[in-house]
Amino acid sequence: MSVKFGTSGLRGLSTDLVGSVSALYSTAFARHMLDSGALQPGSPVVIARDFRPSSPEIAGTIMAAIKRLGLQPIDCGTIPTPALALYGASIGAAGIMVTGSHIPADRNGIKFYRPDGEVNKSDEEAITRLARELADDAEANRVEAGSAENREAEATKLFVDRNLGILAADALKGKRIGIYQHSSVARDMLVTVFEHCGATVFPLGRSEQFIPVDTEAVSPDTVSQLARWADELALDALLSTDGDGDRPLVADERGTPLRGDLLGLIAARFLRAGVVATPVTSNSGLEQDGSFTVHRTRVGSPFVISAMDEALADGKQGVIGFEANGGLMLGSDFEISGKRIAALPTRDSFLPALAVLGTAAQRGVTLSALVEDFSLPVALSDRLENYASERSTALMAELKGSREALDGFLAPLGTVQSVSEIDGLRVTLSDGRVIHFRPSGNAPEMRCYVEAADKDKAESLLKQGLSLLRAWSA
């Protein structure tokens with residue numbers, strides 16, 4: 001069985017998740033919820049999916065498995081993950097989202113939610129343990145095509161209403177905004193929300209075939225397409241999300257994507273946050289902002305949520321979290337323009353996009369000018385696909401196990417000044433540049449993150465870092 005929990009949910013090949021594996025893991029999840037008292041017999045479980053070809057079949061199998069356990073499955077159709085989480089919380093339901101997020105269509109995933117939010121790492125361990133115990137149980141592995149009452153319209157309305165009051169109805173009047181719809185489940189909601197804010201919206205690139213969009217490492221082809229649309233339509237901004245709508249893509253008037261951690265910083269100021277939890281991969285310049293306390297974590301929403309929970313337990317107010325991919329989590333309730341926005345401790349793409357466009361409009365500046373107002377180091381990232389997990393594990397073991405090996409590996413780049421092993425290997429060089437290698441938790445990929453004083457230095461460092469990864473062999 002080649003499925004496993006990564007940075008956010010269970011992931012694997014679509015061919016592995018279709019069939020008994022999805023029945024087994026949803027059974028294990030339901031059993032864990034019942035055993036822990038989080039659910040009672042007859043409790044509701046909301047289920048949604050993205051537009052991958054394999055997702056409807058997996059969702060049907062999950063609905064049947066949930067029903068066999070004596071729980072009430074509710075079909076929420078194709079909606080964003082934060083919309084599913086919000087609706088589940090509103091009715092006290094656990095939730096299951098079938099999505100592989102930004103990874104290719106030959107892979108898929110399942111995200112699990114307790115009634116109070118995302119499962120944490122201890123929940124994932126319990127689910128994995130139960131799945132192993134039930135591996136030979138025919139009932140737990142039974143594949144049936146289930147169905148359930150459909151409440152997609154109700155869940156959609158709740159999420160759209162949450163976002164309609166964040167900006168005034170005319171806040172973006174006169175702005176021309178492109179929505180790159182591709183195969184995102186958020187594509188129609190984005191049009192509704194930003195038209196409500198007064199913008200002239202241009203739906204673009206809608207696709208009935210699944211297109212993987214990684215908002216943290218936007219492909220060169222996507223960047224070129226965004227630039228063409230921005231020029232042809234004289235746009236002020238372009239917006240999109242990943243497949244399940246929990247990671248934002250915001251591009252400026254030239255079609256240049258803004259980094260997700262910058263979106264998070266602007267959203268933190270917009271919300272007047274007091275505490276920010278964010279992974280070590282987010283820009284190191286966040287600590288210099290001065291308006292909030294920063295707690296660094298490992299990569300993955302469960303770790304960010306855990307840090308938010310710790311801050312709340314310490315009595316902190318105004319607690320948020322975000323990742324370098326731009327997904328924003330609210331640990332606390334917030335008030336925006338007199339409207340209460342309830343805590344939503346799962347990644348959301350809508351609020352950061354609204355915060356950034358609203359901030360630019362309020363200041364009367366373009367998005368590119370807004371970016372220039374923040375003196376963060378230039379941070380770039382990319383990934384090497386089809387980088388075998390065994391290879392990345394061996395590389396990390398070698399570099400972490402010997403300072404001599406690390407110094408030798410990075411000698412073409414410079415001298416090592418300091419090292420962080422919070423997640424992967426993050427190295428600060430003697431000239432202040434930063435390079436960070438991290439194996440993906442969701443796919444056979446190696447990610448490389450860099451920071452430097454200017455774009456040319458950052459691009460050069462990223463290119464060199466990727467070359468070192470390609471050339472390395474055990």
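- Listed by chain and residue number, V280, I422, R426 satisfy the side chain to side chain contact (heavy atoms under 4.5 Å, CB included) test with S420 (two or more places apart in sequence, or in another chain).
- Ion pairing between a basic and an acidic side chain is recognised when a charged N comes within 4.0 Å of a carboxylate O; R347 and D242 show no such pairing.
- For the pair R259 and E216, the salt-bridge criterion is not met [side-chain N within less than 4.0 Å of a carboxylate O].
- Listed for the S36 side chain is a donor-acceptor partner under 3.5 Å among the backbone atoms of H32.
- Between the CG atom of L24 and the CG atom of L17 there is a distance of 11.0 Å, given to the nearest 0.5 Å.
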TODO: Evaluate the criterion side-chain contact (heavy atoms from CB on, under 4.5 Å) for residue pair R114 and N120; output intermediate values, then yes/no.
DONE: CA-CA 9 Å; R114 303 182 313 226; N120 56 34; 3.2 Å; yes
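- A distance-only check finds a donor-acceptor pair linking the side chain of D236 to the backbone of R176 [under 3.5 Å].
- At distances below 3.5 Å, not a single donor-acceptor pair connects side-chain atoms of N283 with backbone N or O atoms of D261.
- When L263, L226, L238 are each tested for a side-chain contact (heavy atoms from CB on, under 4.5 Å) with L249, only one passes: L226.
- No donor-acceptor pair closer than 3.5 Å links the side chain of R162 to the backbone N or O of L86.
- P82 is listed as a side-chain neighbour of F159, based on a closest heavy-atom distance under 4.5 Å.
- Nearest approach of E323 to P279, heavy atoms of both residues: CA-CD, 3.8 Å.
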Apply side-chain contact (heavy atoms from CB on, under 4.5 Å) to the pair D246 and F350, showing each step before the final yes or no.
CA-CA 8 Å; D246 69 345; F350 280 67; over 6 Å; no
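- Considering all non-hydrogen atoms of both residues, L204 and G178 come closest at CD1-CA, 4.0 Å.
- At distances below 3.5 Å, not a single donor-acceptor pair connects side-chain atoms of R206 with backbone N or O atoms of H182.
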Inset, instruction - Kindly determine whether T156 and M189 satisfy side-chain contact (heavy atoms from CB on, under 4.5 Å), including the steps that lead there. - result: CA-CA 8 Å; T156 296; M189 290 188 192; 3.5 Å; yes
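- For E451 and S284, the side-chain atoms include at least one donor-acceptor pair closer than 3.5 Å.
- Counting heavy atoms from C-beta outward, L172 and F194 have side chains that approach closer than 4.5 Å.
- Legend: residues meeting side chain to side chain contact (heavy atoms under 4.5 Å, CB included) with A85, ordered by chain and number and at least two apart, are Y113, L344, T346.
- The backbone N or O of E124 lies less than 3.5 Å from a partner atom in the side chain of T128, making a donor-acceptor pair.
- Here the straight-line distance linking atom CE of M308 with atom OG1 of T297 works out to 10.0 Å at 0.5 Å rounding.
- Remark: the backbone N or O of I103 is not paired with any side-chain donor or acceptor of R11 at under 3.5 angstrom.
- For Y25 and F112, the ring centers are positioned 6.0 Å apart or more.
- Under a 3.5 Å cut-off, the side chain of T78 and the backbone N or O of V185 do not form any donor-acceptor pair.
- Side-chain atoms of R31 do not come within 3.5 Å of backbone N or O of A131 as any donor-acceptor pair.
- Evaluation of the ring-ring contact (aromatic ring centres under 6.0 Å, His included) test over residues 195-218, restricted to residues two or more places apart or in two chains, returns none.
- Within a 6.0 Å radius of CG in D314, more than 12 heavy atoms belonging to other residues, nucleotides or ligands are found.
- Ion pairing of R383 with E445 is present here, as a side-chain N (NZ or NE/NH1/NH2) and a carboxylate O approach within less than 4.0 Å.
- R151 and D75 are not joined by a salt bridge, as no carboxylate oxygen comes within less than 4.0 angstrom of a charged side-chain nitrogen.
- In this structure, R254 pairs ionically with D252, as a charged nitrogen and a carboxylate oxygen lie closer than 4.0 Å.
- Here R68 contributes atom CZ and R142 contributes atom CZ; the two are 4.5 Å apart, rounded to the nearest 0.5 Å.
- With a 4.5 Å cut-off on side-chain heavy atoms, I47 and I74 do not count as touching.
- When the side-chain hydrogen bond (donor to acceptor under 3.5 Å, both in side chains) test is applied to D137, no partner is found at least two apart in sequence or on another chain.
- By the 4.0 Å N-to-carboxylate-O rule, R447 lies close enough to D214 to be salt-bridged with it.
- Side-chain atoms of D50 and T99 form a donor-acceptor pair, as typed in the model, at a separation below 3.5 Å.
- Geometrically, R49 does not engage F51 in a cation-pi contact defined by less than 6.0 Å to the ring centre and at most 45° from the axis.
- The closest side-chain heavy-atom distance from L462 to S381 is not below 4.5 Å.
- The line from NZ of K175 to CG of L357 is 8.5 Å long, rounded to the nearest 0.5 Å.
- For E118 and K111, the salt-bridge test fails: no basic side-chain N is under 4.0 Å from an acidic carboxylate O.
- The heavy-atom pair separating G326 from P352 by the smallest distance is O-CG, 3.7 Å.
- Interatomic distance, CZ of R187 versus OG of S240, reported as 10.5 Å (0.5 Å rounding).
- Distance check, rounded to the nearest 0.5 Å: CG of N141 to OG of S20 gives 5.0 Å.
- Looking only at atom types and distance, the side chain of S219 has a donor-acceptor partner in the side chain of T222 under 3.5 Å away.
- Note on R340 versus D333: salt bridge recorded, some NZ/NE/NH1/NH2 to OD/OE distance being below 4.0 Å.
- Partners of S349 according to the side chain to side chain contact (heavy atoms under 4.5 Å, CB included) rule, which considers only residues two or more places apart in sequence or in another chain, are T241, P248.
- A donor-acceptor distance shorter than 3.5 angstrom exists from the side chain of S90 to the backbone of Y87, with no hydrogens or angles considered.
- Residues T215 and H102 bring no donor and acceptor atom of their side chains to less than 3.5 Å of each other.
- At least one side-chain heavy atom of I341 sits under 4.5 Å from a side-chain heavy atom of K339.
- A heavy-atom distance below 4.5 Å is found between the side chains of L469 and C448.
- Results of the side-chain contact (heavy atoms from CB on, under 4.5 Å) test with S101 over T81, D244, V213 single out D244 as the only residue that passes.
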Going through the checks in order, is the side-chain contact (heavy atoms from CB on, under 4.5 Å) test met by F29 and V119? CA-CA 10 Å; F29 167 69; V119 297; 4.0 Å; yes
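- The side chain to side chain contact (heavy atoms under 4.5 Å, CB included) test applied to T61 returns S22, A23, V143, not counting sequence neighbours.
- Considering only heavy atoms from C-beta on, K67 stays 4.5 Å or farther from Q72 through its side chain.
- Other residues, nucleotides and ligands contribute only 12 or fewer heavy atoms inside 6.0 Å of the NZ atom of K157.
- When all heavy atoms of A230 and G255 are compared, the pair lying nearest together is CB-N, 3.7 Å.
- Side-chain contact check for I96 versus V45: some heavy-atom pair is nearer than 4.5 Å.
- One side chain, N108 or S54, offers a donor N or O that lies under 3.5 Å from an acceptor on the other.
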